[in-house]
Structure formats: C-alpha cells, structure tokens
Amino acid sequence: YMIMVFFMSAGDALQPLILLDKNYYNLDRSRQGTTLSIILFIQLALKILTAIVYGHFNDRFGRKTMLIYGATSIFLGFLIAPLWENVFPGFIIAKALTSNGSTALATLPFIADYVHNETKGKANAMGVALSTLGAFFANIIIKILLYCSVSLAHCYWIIAFIGLATAVLNSFGLKEVARSEQKKIIKDEN
C-alpha cells in the first residue's frame with residue numbers, strides 16, 4: 001500500500017504542475033477545470049471497470065504477478081506523461097496507465113495470509129501508517145527535486161524508477177502461491 005500511495009501522491013502532486021507548465025502541455029487556464037474533470041472521470045471509470053477483474057487476477061495469478069504488473073503499468077504511465085505535447089490523447093494515455101496500475105495494486109490482499117484474525121485491526125492500522133508514509137515520502141522527494149531545479153520530466157522519471165524498484169524489492173517478500181492454488185492445496189490435504 002505504501003508503494004501505491006507513493007505513486008498516487010506523486011502523480012497528484014505533479015499533475016497540476018505539468019499541465020500548466022509552458023514546456024509541456026501549457027494547458028490554458030480557462031480549460032483547466034474541464035480538462036481535469038475529464039481526466040478524473042476517465043480515471044474513476046477505469047478503476048470501476050477494472051477493480052473486479054484485478055481482484056480475480058490476484059486470486060488466479062498471485063500477488064507477485066499483480067504487484068509487478070501494477071507497478072509496471074504505473075511506471076510506464078510516469079515515463080510517458082512528460083513526453084506528449086497534447087493533453088488528448090497523450091496525458092490521458094499516461095493517466096489511464098497509472099489508474100490501471102493503481103487499481104491492480106489496490107486489489108492486492110496483503111493482510112489475508114499474513115496475520116491472524118486477532119491482529120487484523122492492528123495490521124490494517126499498519127497499512128494506514130505505511131500508506132501515509134508513502135504519501136509523505138512522495139511529497140518530500142518531489143519538493144527536494146523541485147528545490148534542486150530538476151525538470152518535471154525528470155521528476156516523473158525519478159519517481160517512476162523509485163516506485164518500480166521498491167515494488168520489485170517488495171515482491172520478494174510476498175508468498176509465491178496464488179490464493180486459488182492455496183485453496184486447492186488445502187482441499188487436497190483434507
């Protein structure tokens with residue numbers, strides 16, 4: 001969850017900066033509200049349409065696969081976001097990739113197999129704390145990069161590499177077996 005919130009917070013912090021920057025999209029201020037509403041609508045629609053599918057994929061293919069898939073999708077969205085000259089379709093494609101990836105990450109059932117029923121509340125609290133840390137680190141890193149006069153494109157790319165590297169490292173700690181396979185193993189043992 002920390003990785004997901006890291007990416008989402010960074011994207012939310014960088015989006016208005018890049019959309020109004022004359023070196024990138026140079027979105028006219030009179031169109032800014034409408035454009036941001038359209039982008040938000042597309043993001044929400046994608047999340048609604050893909051959430052159940054990714055929940056199924058988590059059960060079928062496992063958490064490691066979905067963690068890497070989600071982080072890679074966000075990574076690609078962050079890589080291409082500063083490369084387009086037009087918001088439509090350029091930035092929309094980048095935001096679709098990041099929304100797709102964040103939905104894949106949000107459906108990961110981390111707590112289910114790692115804690116006992118008696119400690120699920122504490123584990124969820126840790127998830128909230130780690131999510132908050134993800135947002136904190138994203139904003140601190142962006143502020144430091146902008147303070148050091150790093151371009152917005154490089155900010156996007158640095159955040160993309162940090163997030164993907166963290167996701168890959170995190171995947172080593174996840175259990176290997178998909179949940180549907182675990183159910184089969186339990187049935188076979190009984």
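When reading the values below, keep in mind they use all heavy atoms of this one structure, side chains included, and skip hydrogens, waters and symmetry mates.
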Leu133 and Met2 have their tightest heavy-atom pair at CB-CE, 4.0 Å
Are any non-hydrogen side-chain atoms of Ile162 and Ile158 less than 4.5 angstrom apart? yes
Is atom CD1 of Ile42 surrounded by more than 12 heavy atoms (other residues, nucleotides or ligands) closer than 6.0 Å? yes
One should read off an interatomic distance between Phe161 CZ and Ile159 CD1, to the nearest 0.5 angstrom, of 12.0 Å
Is the closest side-chain donor-acceptor distance between Tyr69 and Asn100 under 3.5 Å? yes
Between Thr119 and His116, do the side chains contain a donor N or O and an acceptor N or O under 3.5 Å apart? no
Heavy-atom distance under 4.5 Å between the side chains of Tyr54 and Met66, does that happen here? yes
For Ala135, does its backbone N or O pair with a side-chain atom of Asn139 as donor and acceptor, under 3.5 Å? yes
Rounded to the nearest 0.5 Å, how far does CG of Asp28 lie from CG of Leu19? 12.5 Å
Residue pair Ala167 / Ile3: nearest heavy atoms and the distance that separates them: CA-CD1, 3.5 Å
Between Ile39 and Phe91, what is the shortest heavy-atom contact and its length? CD1-CD2, 3.7 Å
Not counting sequence neighbours, which residues clear ring pair (Phe, Tyr, Trp, His ring centres under 6.0 Å) with Phe6? List them please. none
Indicate if Ile140 and Leu145 have the same hydrophobic cluster label, given that clusters are the connected sets of ILVMFWY residues with side-chain heavy-atom separations under 4.5 angstrom. yes
Checking the side chain of Tyr156 only, and the main-chain atoms of Ala10 only, is there a donor and an acceptor separated by less than 3.5 Å? no
Please round to the nearest 0.5 Å and tell me the distance separating atom NZ of Lys143 and atom SG of Cys155. 11.0 Å
Provide the closest heavy-atom pair for Leu83 versus Trp157 in the form atom of the first, atom of the second, distance. CD2-CZ2, 3.6 Å
Hydrophobic cluster identity match, Val128 and Leu130, side-chain contacts under 4.5 Å: no
Quick check: do Leu20 and Gln32 have side-chain heavy atoms less than 4.5 Å from each other? yes
Begin with the C-alpha distance, continue with both residues' side-chain angles, and end with the deciding distance and a verdict on side chain to side chain contact (heavy atoms under 4.5 Å, CB included) for Gln15 and Leu36. CA-CA 9 Å; Gln15 179 174 307; Leu36 291 176; 3.3 Å; yes
Test item: Ser99 side-chain N/O and Ala96 main-chain N/O as donor-acceptor pair under 3.5 Å: no
Examine distances only and state if a side-chain atom of Asn86 and a backbone atom of Phe88 form a donor-acceptor pair shorter than 3.5 Å. no
Separation of Thr98 OG1 from Ile93 CD1 (nearest 0.5 Å): 12.0 Å
Flag yes if Ile144 and Leu14 sit in one hydrophobic cluster, no otherwise; membership is Ile, Leu, Val, Met, Phe, Trp, Tyr, and two members link when side-chain heavy atoms are under 4.5 Å apart. yes
dist Thr103:OG1 -> Ile74:CD1 (nearest 0.5 Å) comes out at 8.5 Å
With a 4.5 Å limit on heavy-atom distance, are the side chains of Phe78 and Ser73 in contact? no
Close side-chain approach of Leu152 and Leu146, heavy atoms under 4.5 Å: yes
same_hphob_cluster(Met8, Leu17) at 4.5 Å side-chain heavy-atom cutoff: yes
Could you tell me if the side chain of Ser171 sits less than 4.5 Å from the side chain of Ile68, heavy atoms only? yes
Atom of Leu164, atom of Phe7 and distance for their closest heavy-atom approach: N-CZ, 3.7 Å
Worked verdict on Lys47 versus Ser102 for side chain to side chain contact (heavy atoms under 4.5 Å, CB included): CA-CA 8 Å; Lys47 288 179 180 183; Ser102 66; 3.4 Å; yes
Under 4.5 Å between any side-chain heavy atoms of Ser9 and Phe137, yes or no? no
Minimum-distance pair of heavy atoms, taken over all atoms of Val53 and Leu49: CG2-O, 4.0 Å
Just wondering, more than 12 heavy atoms not from Phe136 lying within 6.0 Å of its CZ? no
Backbone N/O of Ala153 and side chain of Tyr24: donor-acceptor pair under 3.5 Å: yes
Can you tell me how far the CG atom of Leu40 sits from the NZ atom of Lys95, to the nearest 0.5 Å? 9.5 Å
Compare all side-chain heavy atoms of Arg63 with those of Asn58 and state whether any distance is below 4.5 angstrom. yes
